[in-house]
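Notes follow once the structure below has been shown.
Just so it is clear, the model here is predicted, and its values are computed rather than measured.
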Amino acid sequence: PSAFCSFSRVERVYSVARTMASTAMPMTALHTAARRGWLPMMQRMRGGAARKMCNSRLGRPAPICDLSSKRLSSARQLAGFGAGARAFRSGPLRAIHVCANADQSPGTTTITKHVSSAGKMPKNIQGPEIRKQFLDFYTSKGHTPKASGSLVPEDPTVLLTIAGMLPFKQVFLGQAARPAPRVTTTQKCVRTNDIENVGVTQRHHTFFEMLGNFSFGDYFKREAIEWAWELSTKVYKLDPNRIWVSVFRDDDEAFAIWRDVIGVKEEHIQRCDEKDNFWASGATGPCGPCSELYYDFKPELPAAGADVAEDDDRFIEFYNLVFMESNRNAEGELTPLANKNIDTGMGLERMAQILQQVPNNYETDLIYPILARAAELADVDYATAPPKTQQYLKVIGDHTRAVVYLISDGVNPSNVGRGYVVRRLLRRVVRCGRLIGIKSEKAFTPIVAQVAVELSGGCDPQVAANAQRIYGELEREEMRFVQTLERGEEILEEMMAAALAKKQPFLSGKDAFTLYDTYGFPVEITEEACAEKGLQVDMEGFKASMQTQRLQSQAAQGSAIDLTLGNVLAEVADRLGGQSTEFLGYTSLSSGAKVAAIVSEEGPVEWAEAGSTVQIVLDRTPFYAESGGQAGDR
């Protein structure tokens, strides 16, 4: 009993023992830490760091616990260390929980045996296991597992892979052979349409994993619904009484299956309009009505008046079943598909939040280790940090995942297309890092990205293989941005102060464009900084300045080669060790050559994606360079 303490919330005893064994802290300190909500943070930290954090919060040093070696050994065995781990995990102690007792004084203990029923959720299930259980379940149902597709889609109608079904779009349209009648995948996805909500809401992300099962002209509604229910209640062991479902307003068939076959209470089934229950991957393409599964965080509230689609505090959508039966053309007309198909998506991060019983997606083991690394670099404690600091840490955790996977798939920072998405996300990470106090002469983004790479194996093993290229791109882009960021921040502060002094509720479009064009500030970052001061940005003026600059640039440059890179070319020369390009034009008009360097508009890069404009440096060439007034070969 001396190895445990009472908490303000239920905690598994081995978690307590793990904290005790690793920190060697006395029970009174651990009791205080638990009551104040610090224990989860401490359990993720090394012993010394956890003890230091707790001491700083208590305002006094906690003495080292003088447990006898025998008791400390017992605590370590309970925590899963050493020879006792296997016996503990499979033995009767697994059912022991420490029960909350608000009246109990520090240091006293109540231990109760609790045998979990088949319907109890496994609280400590980890993200990789959630993913594996999904794929294993559908493999057992005859589905062929497939690896995730690239974030760079073959579909020209979308910029990035935004849904799990996108790699199979041509299959759904009947324009490509189906890889198998039934398929299951975990698909990496990136969406940036609601980037301003990242870190603000409990579950908005740019990067996320979509677990999916697909039927290409094989099974349809009934099987999809029955298996979704079996997976949710039998495999993940969700309480059936806490699951609500929605169906498209006219889909009587799906409504009847949920009510009459599955047995869901009618008051837990809601009909919704196109906004919530008619799904499409884009403006055109395969689409159809859908049925969504929601988890109820507050089952004690009455069912009457509940709205699954609007009440984000009470409900979380975790599984979407799309009954793909139509194709939408550019005019918005729907035509039936040759075969009826099933396309489903379960957000891995959302299911992790439910099963791990944490307040938001960011505190799951899929994202929390990333933001914890950032918090460590900033020397802040996430658990006790102000809400704004927590928001910045969440942005760092989310955006770091996104840029790591994007760069791995060949998308490098630039000012156009997909490259601009990477640049925008990465510069938000850098700015948030500065705002929480990360100060380093070296780039910090590669350090944080190491955690994201370590967590990537179950989703995409290629990320680890591309790790060094990812770190290199992050370092170059961060240092390039930092060079102009400090001066740009000073000027932005002056601009905002001037606007406020004039009682002007907005920053002019001209000022916003100056920051963008001269100091490399993405206009979205300018908008965020202004919003923090209660200002808006004149986006129409910004767009007008942007268009004027483009027209002037086109008129001035024509087809001339840009020779204004200056210091960038000098940097390339330094990297090549002064090696010059061998000119072969006196004896040959063609030759093979090696690309020694690639230079984008921002500087040297390792890769360039299709469609971008770059200069290349060759080790040898028959082309005469423009020099001394003579025209260069073209």
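Aromatic pair His143/Tyr219: ring centres closer than 6.0 Å. Between Phe315 and Phe297, the ring centre distance reaches or exceeds 6.0 Å. Between His399 and Phe207, the distance separating the two ring centers is not shorter than 6.0 angstrom. The ring of Phe318 has its center no closer than 6.0 angstrom to the ring center of Tyr295. Between Phe134 and Tyr236, the ring centre distance reaches or exceeds 6.0 Å. For Phe172 and Phe216, the gap between ring centers is short of 6.0 Å.
Under 4.0 Å is where a charged nitrogen must lie from a carboxylate oxygen, and between Arg431 and Glu532 at least one such pair does. Ion pairing between Glu209 and Lys188 fails under the 4.0 Å rule for side-chain N and carboxylate O. We find that Lys141 and Glu230 are joined by a salt bridge, their nearest charged nitrogen and carboxylate oxygen being less than 4.0 Å apart.
Panel note: side chain Gln187, backbone Met165; no donor-acceptor pair is recorded below 3.5 Å. Looking at Thr364, its side chain does come within 3.5 Å of a backbone N or O of Asn361 through a donor-acceptor pair. Side chain of Gln356 to backbone of Ile125: a donor-acceptor contact under 3.5 angstrom is found.
The cationic group of Arg271 lies under 6.0 Å from the six-membered ring centre of Phe255 and within 45° of the ring axis, placing it in a cation-pi geometry.
The aromatic rings of Trp227 and Tyr138 lie perpendicular to each other, with more than 60° between the two planes, well past the 30° mark.
If you check the side chains of Gln390 and Tyr392, you find no donor sitting under 3.5 Å from an acceptor.
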